[in-house]
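Have a look at the structure below before the remarks.
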Amino acid sequence: MGRIPGVTAAETRERLLRAAADAFAERGYDGTRVADISAAAGVSNGALYAHFGSKADLMVAALRAHGRRMLAGLFAADPDRSATDLLLALGRGLPRRRDAQGNLIVEALVAARRDDDVAASMRDYLGERAGWIADLVRVAQADGEIDPGVSADAFAHFCTLLAMGSALVTSDLHPVDDEEWTALLVRVIAALAPTGSTDPTPQTEATP
């Protein structure tokens, strides 16, 4: 069982990423074998290693793919939304129940405490994620939505801590009212507006 006839390399990679996300979310990193993922994707172990150097690389690649799909959905819903509206939309989704692939981050964080390979890959992943948020903050600063005196890197770290915490403290463990959570986020983002801003409050009706 090697490469599937009629299936491109890109399609094989996508099959592996989805199979890996499901397997890791269901059985955890330690409980998942490379052979399990290969079998679920319908390819050989050799085909898997042709795309990914290790099980750790595959887990983090699955995380990246899940994140890109989520962001693509947000941009598709409203391509013209402002940077602060996008930050608000991302924040609003934090306390909500996650699907199986959304639980991947929990498994990755747990595995990173025990496995140096996972930890190294996770450092790269979290650095990229924080970098993307920091860039978004800088766009908002350039557009006059966020005070230029705010550290984009510090704010990105704050958002990363919120995201990682929300992955562990789910709505099943400690629910929060959606409207109250959104109202809090709006006040936090409004507090970052430049002094003297006439309308620092992000719009909420366009967020999912």
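Values in this document were obtained by computation on a predicted structure and should not be read as measured data.
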Among all residues two or more places apart in sequence or in another chain, which pass the side-chain contact (heavy atoms from CB on, under 4.5 Å) test with L126?
M122, T160, M164
Charged N-O contact under 4.0 Å between K55 and E107
no
Which residues satisfy the side-chain contact (heavy atoms from CB on, under 4.5 Å) test with R114, sequence neighbours excluded?
D30, V110
Set of side-chain hydrogen bond (donor to acceptor under 3.5 Å, both in side chains) partners for D36, sequence neighbours left out
R33
Does R27 have any side-chain hydrogen bond (donor to acceptor under 3.5 Å, both in side chains) partners at least two apart in sequence or in another chain, and if so, which?
none
Roughly how far, to the nearest 0.5 Å, is CE of M59 from CG of L17?
12.5 Å
ring-ring contact (aromatic ring centres under 6.0 Å, His included) against Y29, all qualifying residues, sequence neighbours excluded:
F24
If we ignore hydrogens and angles and just use 3.5 Å, is the side chain of W181 paired with the main-chain N or O of G91 as donor and acceptor?
yes
For the residue pair D124 / S121, report whether a side-chain donor-acceptor contact shorter than 3.5 Å exists.
no
Taking side-chain hydrogen bond (donor to acceptor under 3.5 Å, both in side chains) as the definition, give me every residue that meets it alongside R113, ordered by chain and number, with sequence neighbours left out.
none
Of all heavy-atom pairs linking A19 and A40, the shortest is CB-CB, 3.9 Å
In sequence, state the C-alpha distance, the side-chain angles, and the governing distance for I146 and L87, and then conclude on side-chain contact (heavy atoms from CB on, under 4.5 Å).
CA-CA 12 Å; I146 291 180; L87 286 169; 4.3 Å; yes
NZ/NE/NH1/NH2 to OD/OE distance under 4.0 Å, E11 and R15
no
Keeping Q141 on the side-chain end and D147 on the backbone end, is there a donor-acceptor pair under 3.5 Å?
yes
Could you tell me which residues satisfy side-chain contact (heavy atoms from CB on, under 4.5 Å) with A83, sequence neighbours excluded, listed by chain and number?
L136, V139, A140, E145
If we count only N and O atoms by modelled type, under 3.5 Å, do the side chains of S54 and D117 hold a donor and an acceptor together?
no
For A47 and V43 the tightest heavy-atom approach is CB-CB, 3.9 Å
Please identify each residue that fulfils side-chain contact (heavy atoms from CB on, under 4.5 Å) with D80, with sequence neighbours left out.
D78
For L48 and S38, the nearest pair of non-hydrogen atoms, with its separation, is CD1-OG, 3.4 Å
Taking atom CG of L104 and atom CD of E26, what is their separation to the nearest 0.5 Å?
12.0 Å
Once ring-ring contact (aromatic ring centres under 6.0 Å, His included) is applied, what residue pairs with a partner in residues 30-52 remain, sequence neighbours excluded?
none
Extract all donor-acceptor atom pairs below 3.5 Å that involve side chains of residues 127-135 and protein atoms in other chains or at least two apart in sequence.
residue, atom, partner, partner atom, Å
E128, OE1, R64, NE, 2.7
E128, OE1, R64, NH2, 3.4
E128, OE2, R64, NH2, 3.0
R129, NH1, Y125, OH, 3.1
D135, OD1, R138, NH1, 3.1

Closest heavy-atom pair, S171 versus P95, reported as atoms and distance to 0.1 Å, is CB-O, 3.3 Å
Between S166 and A163, is there a donor-acceptor pair closer than 3.5 Å when you use the side chain of the first and the backbone of the second?
yes
Side chain proximity check, L71 to L90, heavy atoms < 4.5 angstrom:
yes
Find out whether V34 and L58 are in side-chain contact, i.e. whether some heavy atom of one side chain is under 4.5 Å from a heavy atom of the other.
no
Is V169 linked to I105 within one hydrophobic cluster, defined over Ile, Leu, Val, Met, Phe, Trp and Tyr using a side-chain heavy-atom separation of less than 4.5 Å?
no
Restricting to side-chain hydrogen bond (donor to acceptor under 3.5 Å, both in side chains), what partner residues turn up for T32, sequence neighbours left out?
none
Option from V186, D178, L185 for which side-chain contact (heavy atoms from CB on, under 4.5 Å) with R92 holds
L185
